[in-house]
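Please read the structure below before turning to the comments.
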Amino acid sequence: MIFLSYSLQHEELGDNSQEIKEDLEDKDRLERQKKEIAFESGVKCISLLSYMTQHLKTIPLGVLHRLLIVHDIPLLFTKMLHESPWVKEVNGEKLKYSDGKWNKANGNDDFMKVSKTEGQVM
């Protein structure tokens, strides 16, 4: 009985290569969106951490301890400056993340400008 229902299901499906192709495209699109959302969330976290470090005198001691000792934010920011996740190269073109989107860097002048995200880490 199980074999019969299994074979009936596969006969109904037939050759659905177009549907499979569309499913793979949807999966790729969802993966790309997942990466974009993670990156956007990271940028927002940098902004929050930057704001917190600008107001260290008003932050409670427990929060300050967690920022400096437990999570080691200075080392995290140093690593981020070294890796520069707001800069990428696609098809030989250098792109820089600024104002919520990836912009093409035209020459060294645009590439060397400090973006908001990069400035918050510094």
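Atoms considered below: every heavy atom in the structure, side chains included; atoms not considered: hydrogens, waters and symmetry mates.
The structure places CG of Leu49 at 6.5 Å from CE of Met52, a figure rounded to the nearest 0.5 Å. For the atom pair Phe39 CZ and Lys44 NZ, the distance stands at 10.0 Å (nearest 0.5 Å). For the atom pair NZ (Lys104) and CD (Glu93), the distance works out to 4.5 Å, reported to the nearest 0.5 Å. For the atom pair CD of Gln33 and CG of Asp28, the computed distance is 11.5 Å after rounding to the nearest 0.5 Å. Expressed to the nearest 0.5 Å, how far NE2 of His65 lies from CG of Leu68 amounts to 9.0 Å. With values rounded to the nearest 0.5 angstrom, Leu64 atom CG is found 5.5 Å from Leu56 atom CG.
Judged by distance alone, the side chain of Ser50 and the main-chain N or O of Ile46 form no donor-acceptor pair under 3.5 Å.
In this structure, Glu25 does not pair ionically with Arg29, as no charged nitrogen and carboxylate oxygen lie closer than 4.0 Å.
The cluster map of Ile, Leu, Val, Met, Phe, Trp and Tyr, joined by side-chain heavy atoms under 4.5 Å apart, puts Leu67 and Leu61 in the same cluster.
The number of heavy-atom neighbours closer than 6.0 Å to CG of Leu30, taken from other residues, nucleotides and ligands shown, is above 12.
With a 4.5 Å cut-off on side-chain heavy atoms, Asp72 and Pro74 count as touching.
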